[in-house]
Amino acid sequence: MSETGAGRAHGADPAPAPAPAAENVEYRVAHLRDRLAAEELGELGVRSELRAGAVVVSGTVPSVQCRETLLRTVREELAGISVHTDVVVAQTASPEHAEDLP
């Protein structure tokens, strides 16, 4: 019997299944998206996606308090996962001076 046949006889799988950790990360990112859309934040303008083994959270929020709440939620949902954030606060204050148009 060939070596390959012997390996299969003992239950070896020629094509490994996806790593459970990767599936778990995708599930946790999906759960984060659900929380951001449904809970107190209601932040649909924030994106979260898996890139090169890390989660990238980006977007614009209306206030500093909202940004802090968002970051706390991200830390809760994605504890133990590498996360990069690029979340900015929208400038909603009126300008201090008139805009000069050429």
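Just so you know, residue 1 is the first one in the sequence shown, and it goes up from there. No hydrogens, no waters, no symmetry mates; every other heavy atom, side chains included, goes into these values.
Among residues two or more places apart in sequence or in another chain, the salt bridge (Lys or Arg N to Asp or Glu O under 4.0 Å) test is passed with Glu49 by Arg47, Arg51.
Atoms NE2 and CD, from His31 and Glu77 in turn, are 5.0 Å apart once rounded to the nearest 0.5 Å. Between atom CD of residue Glu76 and atom CG of residue Leu71 there is a gap of 11.5 Å, rounded to the nearest 0.5 Å.
Val64 and Leu36 fall within the same hydrophobic cluster, defined by Ile, Leu, Val, Met, Phe, Trp and Tyr side-chain heavy atoms under 4.5 Å apart, directly or through other members.
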Val46 vs Leu70, side-chain contact (heavy atoms from CB on, under 4.5 Å): CA-CA, chis, key distance, verdict: CA-CA 9 Å; Val46 175; Leu70 171 76; 4.2 Å; yes

Glu68 vs Arg72, salt bridge (Lys or Arg N to Asp or Glu O under 4.0 Å): CA-CA, chis, key distance, verdict: CA-CA 6 Å; Glu68 291 305 315; Arg72 180 177 38 81; over 6 Å; no

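Heavy-atom minimum distance, Val87 versus Val57: CG2-O, 3.9 Å. Nearest heavy atom pair, residue Leu32 against residue Leu78, reads CD2-CD1, 3.8 Å. Taking each heavy atom of Val61 and Cys66 in turn, the nearest pair found is CB-SG, 3.9 Å.
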Which pairs would a plain distance check flag for residues 79-86, meaning a side-chain donor or acceptor within less than 3.5 Å of a matching protein atom at least two apart in sequence or in another chain?
none

